[in-house]
A.B. asks: 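Dropping a structure here in structure tokens format, bear with me for questions.
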Amino acid sequence: MLIVQNAAEPASLRNALVDIVTAGTIDIRVASAYVTLGGANILLSAVANAVGPAAFAAMPKTLVTSFDFGLTEPQALQHWRALANATVFVSGAQRLAQGSLMPQRAFHPKFYVFGRDPQTCSTLVGSANLTSRGFSVNTEVAWVQQSIPRANADAAFDKARFETTALTDDLLAAYTALRQAQPPPPEIEQEAQPVAAPAPVAAAALPLFRLAIANGAINPADYAAMWVHGEALQGGSSNQLELPRGGHRFFGFVFDQYDYPHNLTIGEPVLRSGTRVWSDRRLTWHGNNRMERMNLPTAAQGGFDYADTAVMFRRLTDGSFELIVTPWESDLARAWRQASAQRQTLFRLGEIASNRIVGLI
């Protein structure tokens with residue numbers, strides 16, 4: 001399957017990884033020219049969600065990357081090495097010993113392998129480095145394939161490891177010091193930079209979500225994802241997310257009893273995050289504030305801490321929705337805001353004075 005990502009359709013590669021990493025994944029192997037901590041966290045959190053903490057800790061995790069140009073973040077290397085059952089190999093150790101981060105031959109693969117079982121693997125091969133930008137806003141192309149023979153993946157990965165060296169404490173310390181003395185060239189440094197924060201937009205200047213539906217500007221059901229600023233959730237467990245009026249349409253429900261003065265259940269969409277599935281999360285109409293609300297899973301129910309986050313619902317092929325929760329100033333959340341602004345699908349959430357916004361992608 002061919003996956004194309006750009007700034008208007010951000011995190012398509014991240015989503016492809018989530019979709020191919022199954023609960024039975026038994027190992028991870030990555031060969032990426034450059035790695036940042038943000039990129040590593042995007043991949044590793046997807047795998048940990050899919051298999052659960054115990055299986056994630058037990059599985060072998062191999063990273064092959066480079067010292068080339070000083071683009072790989074030392075923090076990313078340290079983070080990967082600190083994981084249980086993890087190994088890191090690097091290209092460029094010989095040049096590092098010579099006091100240089102300029103490669104004689106570039107190490108440039110972008111190859112992601114996930115063992116499904118002892119005989120087969122799933123792979124993602126394409127243009128994206130394991131960086132925040134590579135898995136969010138960069139224009140990238142990748143081919144995703146499932147159930148390929150492990151022997152084929154093994155042979156390819158062995159070739160990608162050609163002339164690499166196991167990372168040691170001494171190598172990491174030497175790389176960190178030389179990278180400080182020889183920072184990455186400005187013309188390529190952007191690859192390792194975080195996603196830029198979108199220009200601030202006053203919520204009052206944005207169109208109102210429900211009016212955009214009423215005038216035919218949008219049909220939420222036509223979009224693959226809807227995200228909401230989880231600035232301050234309601235309820236005793238702080239898990240009631242206010243949705244805009246009409247937000248239920250994204251989930252495929254029909255509701256028009258907006259004059260009802262009390263609470264009504266509109267529906268219960270199926271939410272997923274890795275191995276966790278919630279089929280009892282109520283989407284309700286609250287007549288007292290004339291808003292819709294979703295009862296999200298609490299931390300005790302396997303959910304998240306929602307304070308000051310972006311909460312995304314991503315439509316899946318089986319009719320359920322992936323629940324993605326990320327800090328409001330994370331690379332993923334910034335990428336979503338940029339995409340919605342570019343698509344002109346950025347809206348004010350409610351009628352009252354508030355800075356809360358909602359977007360469709």
A.B. asks: Taking NZ, NE, NH1 and NH2 as the nitrogens, is one of them in R334 or E329 under 4.0 Å from a carboxylate oxygen of the other?
C.D. replies: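 Result for this pair is yes, salt bridge flagged.
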A.B. asks: Please tell me if the side chains of L243 and M291 come closer than 4.5 Å, counting only heavy atoms from C-beta onward.
C.D. replies: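 With C-beta onward as the side chain, the pair stays apart.
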A.B. asks: Same cluster or not: I266 versus M294, using hydrophobic residues (I, L, V, M, F, W, Y) connected whenever any side-chain heavy atoms lie under 4.5 Å apart?
C.D. replies: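 In one cluster: yes.
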A.B. asks: Look at R150 together with D27 and state whether they make a salt bridge at an N to O cut-off of under 4.0 Å.
C.D. replies: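 D27 and R150: salt-bridged.
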A.B. asks: Quick one: are L296 and L271 in side-chain contact, heavy atoms under 4.5 Å?
C.D. replies: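 Yes, their side chains come closer than 4.5 Å.
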A.B. asks: State plainly whether the residues R95 and D68 are in salt-bridge range, i.e. N to O under 4.0 Å.
C.D. replies: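 Result for this pair is no, no salt bridge flagged.
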A.B. asks: Could you check whether E292 pairs with R245 (Lys NZ or Arg NE/NH1/NH2 to Asp/Glu carboxylate O, under 4.0 Å)?
C.D. replies: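 No salt bridge links E292 with R245.
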A.B. asks: Can you find a heavy atom in the side chain of L323 that is under 4.5 Å from one in the side chain of F313?
C.D. replies: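 Yes, close enough: below the 4.5 Å cut-off.
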A.B. asks: Are any of the side-chain nitrogens in R14 or E140 under 4.0 Å away from the carboxylate oxygens of its partner?
C.D. replies: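 Judged by the 4.0 Å cut-off on N to carboxylate O distance, R14 and E140 do not form a salt bridge.
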A.B. asks: Closer than 4.0 angstrom, basic N to acidic O: yes or no for E163 and R105?
C.D. replies: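 Yes, charged N to carboxylate O under 4.0 Å.
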A.B. asks: Other residues, nucleotides and ligands only: do more than 12 of their heavy atoms fall within 6.0 Å of CD on Q344?
C.D. replies: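 Atom CD in Q344 is not packed in, count stays at 12 or less.
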A.B. asks: I'd like a table of donor-acceptor pairs (distance under 3.5 Å, sequence neighbours excluded) in which one partner is a side-chain atom from residues 109-123, with atom names and distances.
C.D. replies:
| residue | atom | partner | partner atom | Å |
| --- | --- | --- | --- | --- |
| K110 | NZ | H108 | O | 3.1 |
| K110 | NZ | H108 | ND1 | 2.9 |
| K110 | NZ | H108 | NE2 | 3.4 |
| Y112 | OH | A128 | O | 2.8 |
| Y112 | OH | L130 | N | 3.1 |
| R116 | NE | S147 | OG | 3.4 |
| R116 | NH1 | S122 | OG | 3.3 |
| R116 | NH1 | Q146 | OE1 | 2.8 |
| D117 | OD1 | Q119 | N | 2.8 |
| D117 | OD1 | T120 | N | 2.8 |
| D117 | OD1 | T120 | OG1 | 3.0 |
| D117 | OD2 | T120 | OG1 | 2.9 |

A.B. asks: Are the ring centres of F250 and F321 closer than 6.0 Å?
C.D. replies: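 So the answer is yes for these two rings.
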A.B. asks: Before you tell me yes or no, could you show the steps for W285 and Y260 under ring pair (Phe, Tyr, Trp, His ring centres under 6.0 Å), namely the whole-Å CA-CA distance, both residues' side-chain angles and the distance that decides it to 0.1 Å?
C.D. replies: CA-CA 8 Å; W285 163 250; Y260 191 79; 8.9 Å; no
A.B. asks: Using 4.0 Å as the upper bound for N to carboxylate O, is an ion pair formed by E242 and R293?
C.D. replies: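 A salt bridge links R293 with E242.
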A.B. asks: Is there a side chain to side chain contact (heavy atoms under 4.5 Å, CB included) between W336 and I324? Walk through the geometry before answering.
C.D. replies: CA-CA 12 Å; W336 297 341; I324 310 171; 3.7 Å; yes
A.B. asks: Should F89 and T62 count as side-chain neighbours, where that means a heavy-atom distance under 4.5 Å?
C.D. replies: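 The answer is yes; the side chains approach within 4.5 Å.
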A.B. asks: Hey, could you give me the CG/OG distance between N49 and S273, rounded to the nearest 0.5 Å?
C.D. replies: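 Between atom CG of N49 and atom OG of S273 there are 4.0 Å.
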A.B. asks: For the pair H248 and F255, name the ring-plane relationship: parallel under 30°, tilted 30 to 60°, perpendicular over 60°.
C.D. replies: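 The rings of H248 and F255 stand perpendicular, inter-plane angle above 60°.
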